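To find a chain, count down the sequence lines: A is the first, B the second, and so on, and within it residues start at 1. Keep in mind that this is a model prediction, so the values were computed, not measured. The figures that follow rest on heavy atoms only: side chains count, while hydrogens, waters and symmetry mates do not.
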Amino acid sequence: MNISSTRVRFAPSPTGHLHIGGARTALYNYLFARRNGGSMLLRIEDTDRNRYVEGSEEQLIKDLKWLGINWDEGPDVGGIHSPYTQSERTKLHRSHAEHLVNIGKAYYCFCNKARLKSIRSGYNKYDGHCRDTDTNITLQRVASGEEHTIRFRSPNRGTTTVNDLIRKNITVQNEQLEDFILFKSDGFPVYHLAAMVDDHVMGITHVIRGEEWLSSLAKHALIIRAFGWSEPVWCHLSVLKQPGGKGKMSKRDAKTEEHPDSHSIFVHDLRNRGFHPGAIINWMVLMGWSLDDKQEDFNLVDLEKVFDLERINPSPAAVNFGKLDHFQGKYVRQMSESEIAANIKPFLFKSGLEPDDTMMSKLVPLIKNRIVTFEDSVQWLSFFFKKEIILAPSDLVGKKSTIKETLVILQQVKLTLEQLPSLEHENIESKLRLLANKLDLKLGQLLNPVRLAISGQQVSPPLFETLEILGSDLVLDRIQEAIKLLEDIY
RNA sequence: GCCCCCAUCGUCUAGGGGACCAGGACGUGGGCCUUUCAAGCCCAAGACCGGAGUUCGAAUCUCCGUGGGGGCACCA
């Protein structure tokens, strides 16, 4: 085994759905590991039993895999450092906490929550009440089963300096630190201890995580130094901000009047909306990282070759859903038509439409430049499948037109189409162009009532192809229906 | 209240003392194309947070403001 090779981890807590902030952290870890020929681990940090959400671990794994982010070791695939679920490692954490007590770097604390609450009042730090109690006494109290925690003995003078890869040296005054808890009275470790122990034992070389950890970085470095271990390379990613750039990205669906182009920040919602994982990856990777001033289109394979921690931008990035749409549209346009068909199908079925493959192969070319998400296909195509379409007669009449004119147009078009042996779009086009000419109308003026009559919509895929696919029975029926409606109000 | 981080077009960013009256992308406005809507192509508007300092020279280095963000638990 090459013990010097790069090892990174994504270590989420199973408290809810994966959102794009977490996904982006996972992505950066994954890419960095692949770039360096190293290993990526997934570790579930579930030491807070109160916040545990049933099923979220499975969902998280599903979402990551869907995005194409994989790992070499983890709770689902195992590995030489199993288990990868933190709550199953508490014995290890406990023994490490006790070791710190033995070497004088930590101590048992018997203060109850009521007392802590009373001394804290506001932002006061722990007063060190149990810090200097005689060891023989504390050991006895622990042995007798008295409820206790283990606290880290923080230095109260001097400074602690830690180096972050993209932020350089970060120095804190030690007097700012308190004797924080390493091990809780419920028998579980606190994150600070558990993560550092696991990272060390699992051979993690680079810790790439969110900015929210920056303020406890000194604690983590102090723990590692107390054990006498060497530190990983630290790399703290900035947070993601709301679309407008004001405030932290919020978990609620951000689609509002202010941000009409917004989407949910949860990966599984994006998936259900019909986004392609590749588009999401391309979009996410650029929030806080760039290669240069030339290339913005990347797929996972590209990124695995060029991703670099040094080019991460430390300043917070606002989420821009418009750009997600852009990458998604681009993705669709470069996909093959059969691929698009395969992606669209589930959405059509979900809406109760039942396309077969030959139908799909005719339809996809008409909409592939018009859809953004795969879900969009539903509104473009549903009138092809419905038995009846709902029409308001007034919609049939264009703004600059009259009921009479519209009626004439529809009647003439119907007549023209009836005379065709079969509906082929080239043929329809030449005949209707002639008709427009004859009636002294622009082609658009002639076509719009027809579009409405057969689709029920102001906008539709290109009309001539649409008529061909619909077939003459349906087309003539719908035009006749529209004529009837107009006659009723005329 | 205290600590820490960050600061280039509306947004994502390039830039790392002279190559910058600051480049690209999304979005926006306009044009071309056109049967609607798109797609595509072309054009345009649009930024170095403020103030000191260092320097022959500052978007770039330093300091101070200001603004934004993160954190200060027997949460992660």
Side-chain angles (χ1 to χ4, degrees), chain A residues 11-15 45-48 50-51 86 109 111-113 116-117 120 122-126 147-151 164 167 170-173 175-178 180-192 194-195 209-218 236 238-239 241 243-248 261 283 286-297 311 313-327 329-330 332-333 366-372 380 429 432-433 436 442-448 450-452 455 457-464 466:
Chain A
S13 52
T15 53
E45 313 233 315
D46 59 344
T47 53
D48 182 4
N50 297 324
R51 297 206 310 161
Q86 208 158 54
C109 174
C111 296
N112 60 32
K113 286 178 185 165
L116 292 178
K117 202 174 172 188
R120 206 168 281 283
Y123 292 99
N124 293 327
K125 55 185 207 177
Y126 176 63
E147 192 164 273
H148 64 276
T149 62
I150 298 176
R151 284 183 186 271
D164 179 276
R167 295 163 204 267
I170 293 163
T171 300
V172 300
Q173 303 293 317
E175 60 189 359
Q176 295 294 331
L177 270 22
E178 70 167 357
F180 56 92
I181 288 171
L182 295 170
F183 210 90
K184 298 181 273 182
S185 61
D186 68 357
F188 284 89
V190 153
Y191 172 88
H192 305 308
R209 61 191 345 183
E211 187 181 354
E212 65 270 24
W213 295 111
L214 203 53
S215 49
S216 38
L217 178 58
H236 290 85
S238 66
V239 292
K241 294 189 294 178
K246 295 248 186 297
K248 190 183 169 185
D261 62 345
W283 174 61
L286 292 176
M287 290 193 256
W289 176 87
S290 62
L291 180 65
D292 52 31
D293 60 344
K294 295 181 181 62
Q295 191 181 355
E296 277 210 336
D297 295 347
R311 293 196 60 84
N313 188 154
S315 62
V319 173
N320 182 350
F321 286 106
K323 205 149 183 175
L324 204 213
D325 288 344
H326 165 75
F327 284 121
K330 236 172 157 164
V332 171
R333 269 166 260 134
L366 302 189
I367 60 163
K368 68 172 187 178
N369 285 341
R370 281 162 247 266
I371 59 170
V372 176
W380 280 101
E429 174 162 6
L432 291 187
R433 280 186 188 279
K442 285 184 184 161
L443 190 59
Q445 293 175 289
L446 181 83
L447 260 27
N448 279 334
V450 182
R451 187 187 310 282
L452 257 312
S455 73
Q457 299 171 357
Q458 300 276 2
V459 302
S460 78
L463 232 209
F464 306 127
T466 297

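No side-chain donor-acceptor contact under 3.5 Å links Arg167(A) and His236(A). When only modelled atom types and interatomic distance are considered, Arg451(A) and Ser460(A) share a side-chain donor-acceptor pair under 3.5 Å.
With distances taken from any side-chain atom of Val172(A) to the nucleotides U11(B), U35(B), C3(B), the minimum falls on C3(B). Considering only side-chain atoms of Arg433(A), the nucleotide from C12(B), U35(B), G23(B) that sits closest is U35(B). Ranking U35(B), A14(B), C26(B) by closeness to the Asn313(A) side chain, first place goes to A14(B). The side chain of Thr47(A) has A76(B) as its nearest neighbour among C4(B), C37(B), A76(B). For Leu286(A), the side-chain atoms get nearest to C12(B) when compared with the rest of C75(B), C12(B), A39(B). Of all nucleotides listed (C4(B), A76(B), C12(B)), A76(B) comes nearest to the side chain of Glu45(A). Comparing A25(B), U35(B), G15(B) against the side chain of Arg311(A) picks out G15(B) as the nearest. The side chain of Asn320(A) has C26(B) as its nearest neighbour among C26(B), A39(B), A14(B). Distance from the side chain of Arg51(A) is smallest for C75(B) among the nucleotides C75(B), C26(B), G15(B).
Applying the Watson-Crick and G-U wobble criteria (two distances, each under 3.5 Å), C2(B) pairs with G71(B). Using N1 to N3 plus N6-O4 or O6-N4 for Watson-Crick, or N1-O2 and O6-N3 for G-U wobble, each under 3.5 Å, U28(B) pairs with A44(B).
The heavy-atom pair separating Pro314(A) from Ser238(A) by the smallest distance is O-CB, 3.3 Å.
More than 12 heavy atoms of other residues, nucleotides or ligands lie within 6.0 Å of CD in Gln295(A), so this atom counts as buried by the packing criterion.
Within 4.0 Å (heavy atoms only), Thr171(A) reaches sugar-phosphate atoms of the nucleic acid but no base atom. In this structure, Phe464(A) reaches the bases: a heavy-atom distance under 4.0 Å links it to at least one base atom across the strands shown. Pro462(A) comes within 4.0 angstrom of a nucleotide base, judged by non-hydrogen atoms across all strands.
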What N/O pairs connect the protein and nucleotides 70-74 of chain B at under 3.5 Å? Give each pair on its own line.
unit_1: G71(B); atom_1: O4'; unit_2: Ser215(A); atom_2: OG; d: 3.4
unit_1: G71(B); atom_1: O2'; unit_2: Ser215(A); atom_2: OG; d: 2.7
unit_1: A73(B); atom_1: OP2; unit_2: Arg120(A); atom_2: NH1; d: 3.3
unit_1: C74(B); atom_1: O2; unit_2: Ser185(A); atom_2: N; d: 2.7
unit_1: C74(B); atom_1: O2; unit_2: Ser185(A); atom_2: OG; d: 2.7
unit_1: C74(B); atom_1: N3; unit_2: Ser185(A); atom_2: OG; d: 2.8
unit_1: C74(B); atom_1: N4; unit_2: Cys111(A); atom_2: O; d: 3.2

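Atom C1' of nucleotide G10(B) and atom NZ of Lys241(A) are separated by 12 Å, given to the nearest angstrom. Computed from coordinates, the Glu296(A) CD to G27(B) P distance equals 11 Å when rounded to whole Å.
Taking only side-chain nitrogens and oxygens, Arg209(A) never comes nearer than 4.0 Å to OP1 or OP2 of A76(B).
When the nearest nucleotides of RNA chain B are assigned to Arg370(A) and Asp292(A) by heavy-atom distance, the more 5′-ward of the two goes with Asp292(A). For the pair Tyr191(A) and Arg451(A), both in contact range of RNA chain B, the more 5′-proximal nearest nucleotide belongs to Arg451(A).
A donor-acceptor pair under 3.5 Å is absent between the side-chain atoms of Lys117(A) and the main chain of Asn112(A), judged by distance alone. Of the possible donor and acceptor atoms, none in the side chain of Lys184(A) sits under 3.5 Å from a partner among the backbone N and O of Ile150(A). Here the side chain of Trp283(A) pairs a donor or acceptor atom with the backbone of Asn320(A) at under 3.5 angstrom.
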